[in-house]
Amino acid sequence: MTGDIKPSSNTGKATLITVAPTGAESEKSRVPALPVTLEELVTTAKECREAGAAVIHVHIRDDAARPTLDLGRLTDTVQALRGATDLIVQLSTGGAVTDSFERRLAVLDARPDACSLTCGTVNFGDDVFMNPWGFMTELYAKTQDLGVVPEFELFDFGHIAALHRLLAELGEPFGGHVHCDLVMGVPGGMPGDAATLVAAVAALPSGATWSATGIGRTALPVLFAALAAGGHLRVGMEDTVTFARGRAVASNAELVERAAAASELAQRPPMSPAEARDMLGVPDHRG
Ligand code: KMH
Ligand code: ZN
């Protein structure tokens, strides 16, 4: 199962920065800076593009700021983000832990550039984030049919084994390139530390590129470990709402700015969306 990708294989290359601005877990009433309306999301997207992001990982909310997978809203969101920025628009197919498989599959009908695809079930705090094999394969086949580029979300080592099986049984993804995101530090998933990151990267499929994100207080250790190991970065208020001890995140843009500054220090400056499309095999559907 162990791939031959080297932890340093991206060294010297630009850094892909993905912003995950909203998520499904934080409440607007507790986190006022969270972008929940379409207008707030578009403003956030423009600021984050300016700060160095190339991909936006999108969860949306309803009029009461609750997570929703309403197809009309998702379609409008894809169009609005495409109209306002050149970011790669990646819709979440994870949704909230309460969302049905049917609604999660239907997300692709909003025709995003890309989508998340989680490679297994994981304990998720007090909840369970369900991704059984049958759902994974149906979702993957639908990405291939509709021409949506999947990003493989890996919360634990078993997910890496499931990714190998998925590729072996269903073939390569649309776009021809495998890109993974290590989601670390979820209570119930793999820990967010350097040793775990290096071990996970060593197990990825040969030729895959990868990003990493650390949830909560693992955000910075994972960010620095990912840069040191030659990986790419995901940051945003989906994953952390604390900028430093005792100081709330003021905006998604400041998280992207911090990631971009760290990338510059590592001499791997942020990648443009056009460069990211080339690396990930994502067509440009704008006009
Ligand atoms: N909200 C989590 C239950 C994804 O976007 O694909 C799932 C999640 C993963 O955020
Ligand atoms: Zn998500």
Side-chain angles (χ1 to χ4, degrees), residues 1-11 13 15-20 23 25 53-57 88 90 92-94 114-125 129 131 136 140 149-167 173 177-236 238-240 255-256 259 262-263 266 268 271 276 279-280:
M1 294 291 275
T2 301
D4 61 3
I5 191 170
K6 298 291 181 295
S8 61
S9 62
N10 290 329
T11 304
K13 298 186 182 151
T15 304
L16 170 68
I17 300 178
T18 297
V19 63
E25 283 72 38
V55 176
I56 186 165
H57 168 83
I88 294 172
Q90 179 194 93
S92 166
T93 62
C115 70
S116 56
L117 192 160
T118 297
C119 292
T121 294
V122 64
N123 284 324
F124 196 82
F129 178 32
N131 296 283
M136 273 176 63
Y140 188 53
V149 174
E151 177 179 278
F152 301 101
E153 308 289 327
L154 308 169
F155 288 67
D156 214 341
F157 276 82
H159 296 191
I160 302 175
L163 170 60
H164 281 270
R165 181 181 171 197
L166 191 70
L167 298 173
H177 178 73
V178 175
H179 183 77
C180 307
D181 182 38
L182 303 171
V183 185
M184 309 184 74
V186 168
M190 63 183 149
D193 58 44
T196 305
L197 181 140
V198 169
V201 170
L204 294 178
S206 179
T209 52
W210 57 278
S211 305
T213 188
I215 303 301
R217 68 184 61 182
T218 71
L220 283 174
V222 169
L223 182 147
F224 287 115
L227 281 175
H232 300 280
L233 304 176
R234 176 175 123 171
V235 295
E238 172 166 345
D239 300 335
T240 182
L255 292 171
V256 176
S263 302
R268 293 185 42 216
M271 197 180 275
M279 182 178 89
L280 301 172

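Two residues are said to be in side-chain contact when any heavy atoms from C-beta on lie closer than 4.5 Å; Pro173 and Val149 fail this criterion. Proximity of Val222 to Leu182: side-chain heavy atoms (C-beta onward) are nowhere separated by under 4.5 Å. In this structure, Arg234 and Glu153 have side chains that are in contact, with non-hydrogen atoms separated by less than 4.5 Å. Side-chain contact check for Phe152 versus Leu166: some heavy-atom pair is nearer than 4.5 Å. Side-chain atoms of Phe224 and Leu197, non-hydrogen and from C-beta on, never get closer than 4.5 Å to each other. Counting only heavy atoms from C-beta outward, the side chains of Thr218 and Pro191 never approach each other to under 4.5 Å. Using a 4.5 Å cut-off on side-chain heavy atoms (C-beta onward), Leu255 and Asp239 make no contact. Asn123 has its side chain out of reach of Phe155: every pair of non-hydrogen atoms, C-beta onward, lies at least 4.5 Å apart.
Here Thr240 contributes atom OG1 and Leu220 contributes atom CG; the two are 8.0 Å apart, rounded to the nearest 0.5 Å. Rounding to the nearest 0.5 Å places CD1 of Ile88 at 10.0 Å from CD of Glu151. Rounded to the nearest 0.5 Å, atoms OG (Ser263) and CD1 (Ile17) are 4.0 Å apart. Distance check: Tyr140 OH to Leu167 CG gives 5.0 Å after rounding to the nearest 0.5 Å.
Shown here for Cys119 and Ala162, the closest heavy-atom pair between the two residues is O-CB, 3.2 Å. Counting all heavy atoms, side chain and backbone alike, Val256 lies closest to Ala53 at CG1-N, 3.6 Å. Summarising the geometry of Leu163 relative to Cys180, their closest heavy-atom pair is CD2-SG, 3.6 Å, with the distance given to 0.1 Å. Gly188 and Asp156 get closest at one heavy-atom pair: O-OD2, 3.9 Å. Summarising the geometry of Val235 relative to Ala259, their closest heavy-atom pair is CG1-CB, 4.0 Å, with the distance given to 0.1 Å. Nearest approach of Leu204 to His164, heavy atoms of both residues: C-NE2, 3.8 Å.
Side-chain N/O atoms of Ser211 and His179 include a donor and acceptor closer than 3.5 Å. Between the side chains of His232 and Thr18, no donor N or O sits under 3.5 Å from an acceptor N or O.
Counting only distance, with no hydrogens or angles, the side chain of His57 and the backbone of Cys115 share no donor-acceptor pair below 3.5 Å. Remark: side-chain polar atoms of Ser116 are paired, donor with acceptor, to backbone N or O of Thr93 under 3.5 angstrom. A donor-acceptor contact shorter than 3.5 Å links the side chain of Arg268 to the backbone of Gly231.
Of the options Ile160, Val183, Thr118, Asp181, a side-chain contact (heavy atoms from CB on, under 4.5 Å) to Leu154 is made by Ile160 and by none of the others.
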